[in-house]
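Notes follow the structure.
Throughout, a chain's letter reflects where its sequence line sits, starting with A, and its residues are numbered from 1. Just so we're clear, the structure is a prediction, and the values are computed from it rather than from any experiment.
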Amino acid sequence: MTKVLCVAEKPSISKAVAGHLAGGQFTTRSTSNQYIKNYCFRYDFGPPWGECEVVMTAVIGHLTNIDFAPGYKNWSHPPPFTLFDAPVITLVADDKKAIAKNIQDQARYAQALFIWTDCDREGEHIGSEIRDSAKKGNARIQVKRARFSNIERAHILNAARNLRDLDERQANAVNARFALDLRTGAAFTRFLTTNLRPLGGPIAEAMISYGSCQFPTLGFIVDQYFKVRNFVSEDFWSIKISHKKDGLNATFSWGRVRLFDRPSVTILFEKCLGAKQAKVTKVQAKDTKKWRPLPLTTVELQKMATRFLRMTGQQAMTVAEQLYNKGFISYPRTETDRFDRGIDLRALVQKQTQDNRWGDFAQNLVDGAFKQPREGTHDDKAHPPIHPVTYVASTALNDNERQLYEFVVRRFLACCADDARGKATDIEIEYGVEKFHAHGVIVLQRNYLDVYPYENWTNSAELPHFTLGETFTPTEANMTEGKTTPPSYLTEADLIALMDANGIGTDATMAEHIEKIQVRGYVQVVDSAVQQPDQVVDNADIEDVPASRGGRGSRGGRGGRGGQGRAVGRGGRRGVKVFVPTQLGVALIQGFDGMNLETSLSKPFLRKEMELKMKLICEGRMTQEQFLRESIHQYRAAFDQSMEQLDVLKAACRRYIFQQ
DNA sequence: GCAAGGTC
């Protein structure tokens, strides 16, 4: 009988797949790694394999790592620039040796190796590592790969009958990234650390690292810092009308919103008052709805956890992993925001009916209110959206686990419920020559909102009844004045959103990068209520520094970030944690920006370009060698310029760290 | 002692 070795990317998958293939009939053998088990069973893979004796096992992520050859361990000799073309070696990490050995040993007895790693780029690369280990034990072993994106039984059985080949290109793309990140990271880190430490003071013993993800992340925070500091507040004036009728109040806002010139507003306001009567020019009532949320991705989970659960992204991921490892929720690292049609969502909803917090809501879904969730546009083809897989009572969980599990469940139930529905009314009036409008919503059916307290429909005010052509004298008409407010610093949710939009890091690593730049002393987390108040137009010395994205508060300045932020009052949001750069963080970004490198290291573009080139490798339109030649050349040029202009960097450090 | 990517 054909003997087959199956290897998954993580222990949980090997267990789940073995369970499906063996139909529960397998024997378990432990290995010398405490997390890895070998599952033995029989399975018919169909032609050409037929009935096989199977050993199913796993790795724990990547098996190997790359490093420089021994002659390049010293930080100053040979000089860092040599790292751009120093020889690198691939090694099995110490803590992975037993895992690699297990695969090598098992391969000896097998005619075929079936790889069950995640179906993404990293998974393809891990597959190639598994293959290399297996071939050390059995050079002639045949290698195949299963393609699957969830661990539903039917899906897994289908994958087992339709084995493919490993995608060498994707593995190569990952190889290329590894090599480039190592060379650039090590070269710049050694260069910065050895050259800036002599300046003394707080950085005398600091490790000053560069990384293709940590620097752009720091860049976002420094950018925002200058946007806040360079913000110039402007006075504006507006007109507000309100009218009481039938015991209800309607507030009308001005068609021009606001103007930055007081005399003009005064004249317009007086014209309004002179008209005495306002006339209703439009009455529109229409059905409206507030959309239920999309299925949950990692990025969204982190954003929500930092906003509503008082956790950092890093904590949220740790807790999510615990819940996943205990079998309560699905795999927590996913970019996918759409469920495969094959997944039995109703069955998952059913499991939640026993809870005394959301059980009734779940029961109502089961009884007919269930709606197939909305489908987002992201699909990593490796994992489904995050969802609860079994019910767990809150008493079996610790505080953080309970909170996060509750969020995952509520989010899932909200996805499977109907949109909230309401009636929106828009009233437009003319008062003198000026137009004003009022908008009101009445919520008719809360639907998903009943199970999802993280959202509400708050702008819902019921308007009095108006008829077209009706005239009235407003109860109140006022000229108001205000000041544009500065944008606020980035919250962790903002930062994660920026990283996501710019392709910095992956779902699994974003939180780590944010953590890293704190550990390095580049940024700090502070309470926005403490930081915010005095951030308007002080420090004339940096007045001339252009904020790179968006610039100063524009006329009508919305006080948002990138156009999508909430307008935040001058006092900031009390208790909200925000990121501000340290003097070192500002010095590094200003220093690098001051050197005017052809390719900026503090902006996300370089990383984006690398992602693009990795895609080209995957599509066969670029080779790994070509990628490395071009990218290394590019970074090498930036490195040479940095060496030449080291003084600019040092000056920035002196200026920001020593205030000279 | 350096990166970023897996996963425990």
Side-chain angles (χ1 to χ4, degrees), chain A residues 7-15 33-37 58-68 72-76 80 82-84 86 88 90 92-93 95-96 98-99 117-130 170-171 173-197 205-217 298 317-318 320-322 324-326 331-334 380 382-383 499 503-517 519-520 601 606-607 610-611 614 631 635 639:
Chain A
V7 185
E9 183 166 325
K10 40 190 167 277
S12 62
I13 295 288
S14 74
K15 188 175 185 183
N33 180 295
Q34 58 166 319
Y35 300 109
I36 306 282
K37 306 261 185 290
V59 290
I60 300 179
H62 288 285
L63 271 180
T64 64
N65 209 345
I66 57 168
D67 202 355
F68 295 108
Y72 292 82
K73 298 290 183 206
N74 186 291
W75 278 41
S76 29
T82 58
L83 297 178
F84 285 103
V88 292
T90 302
V92 175
D95 55 336
K96 303 292 174 66
I99 302 173
T117 49
D118 295 352
C119 289
D120 52 23
R121 264 188 337 219
E122 299 302 323
E124 228 56 35
H125 184 265
I126 293 168
S128 74
E129 295 176 302
I130 294 167
Q170 290 191 52
V174 171
N175 264 330
R177 189 203 58 222
F178 271 133
L180 187 64
D181 280 340
L182 174 68
R183 291 179 191 282
T184 56
F188 275 103
T189 300
R190 292 180 184 184
F191 167 74
L192 289 173
T193 304
T194 49
N195 282 294
L196 297 182
R197 272 185 183 177
E205 293 183 352
M207 151 100 63
I208 304 175
S209 63
Y210 164 84
S212 59
C213 287
Q214 40 181 284
F215 249 55
T217 306
T298 305
M317 288 313 291
T318 305
E321 278 154 27
Q322 288 161 6
Y324 161 70
N325 286 322
K326 294 178 186 171
Y331 189 64
R333 294 187 269 268
T334 175
D380 61 19
H383 306 286
M499 294 173 76
I504 305 300
T506 68
D507 45 24
T509 60
M510 277 179 199
E512 286 173 26
H513 299 312
I514 295 173
E515 184 93 342
K516 174 79 70 165
I517 57 177
V519 171
R520 291 277 185 266
L601 299 179
L606 209 52
R607 183 80 202 180
M610 184 167 95
E611 276 295 323
M614 285 178 77
S631 299
Y635 272 101
F639 192 85

Think [X] has a side-chain N or O under 4.0 angstrom from the OP1 or OP2 of [N]?
X: A/R121; N: B/dG5; answer: no
X: A/H513; N: B/dA3; answer: no
X: A/T509; N: B/dG5; answer: yes
X: A/R607; N: B/dG5; answer: yes

Task: Most 5' of A/G185 and A/V59 on DNA chain B, judged by nearest nucleotide - done: A/G185

Open item on the list: Nearest heavy atom decides the nucleotide; on that basis, is A/F215 or A/R333 closer to the 5' end of DNA chain B?
Closed with: A/F215

Of the nucleotides [options], which has the atom closest to the [X] side chain?
X: A/A508; options: B/dT7, B/dC2, B/dG5; answer: B/dT7
X: A/C213; options: B/dG1, B/dG5, B/dA3; answer: B/dG5
X: A/E122; options: B/dC2, B/dG5, B/dT7; answer: B/dG5
X: A/F178; options: B/dG1, B/dA4, B/dC2; answer: B/dA4
X: A/Q214; options: B/dA3, B/dT7, B/dG1; answer: B/dA3
X: A/L182; options: B/dG1, B/dA4, B/dA3; answer: B/dA3

Between [atom2] of [N] and [atom1] of [X], the distance in whole Å:
X: A/N33; N: B/dT7; atom1: CG; atom2: C1'; result: 11 Å
X: A/E321; N: B/dT7; atom1: CD; atom2: C1'; result: 8 Å
X: A/E611; N: B/dA3; atom1: CD; atom2: C1'; result: 15 Å
X: A/I126; N: B/dG5; atom1: CD1; atom2: C1'; result: 8 Å
X: A/L606; N: B/dA4; atom1: CG; atom2: C1'; result: 14 Å
X: A/E512; N: B/dG5; atom1: CD; atom2: C1'; result: 8 Å
X: A/F639; N: B/dA3; atom1: CZ; atom2: P; result: 15 Å
X: A/L180; N: B/dA3; atom1: CG; atom2: C1'; result: 10 Å

How is [X] classified with respect to the nucleic acid when contacts are heavy atoms under 4.0 Å: base, sugar-phosphate, or nothing?
X: A/I36; answer: nothing
X: A/P80; answer: nothing
X: A/D95; answer: nothing
X: A/G123; answer: nothing
X: A/T193; answer: base
X: A/D67; answer: base

TODO: Flag as yes if A/Y210 stacks onto the base of B/dA3 (centroids under 5.5 Å, planes under 30°), otherwise no.
DONE: no

Open item on the list: Between A/Y72 and A/V88, is there a side-chain heavy-atom distance shorter than 4.5 Å?
Closed with: no

Open item on the list: Main chain of A/S209, side chain of A/T189: is a donor-acceptor contact present, judged purely on distance under 3.5 Å?
Closed with: no

Open item on the list: Closer than 3.5 angstrom, by distance alone: can the side chain of A/N33 be matched with the main-chain N or O of A/Y35 as a donor-acceptor pair?
Closed with: yes

Task: A/R333 and A/D380 ion-paired at < 4.0 Å - done: no

TODO: Decide, yes or no, whether a salt bridge links A/R121 with A/E611 under the criterion of side-chain N to carboxylate O below 4.0 Å.
DONE: yes

TODO: Would you please say whether a donor-acceptor pair under 3.5 Å links the side chains of A/E129 and A/H62?
DONE: yes

Open item on the list: Could you check, using the six-membered ring where one of them is a Trp, whether A/Y331 and A/Y324 have ring centers closer than 6.0 angstrom?
Closed with: yes

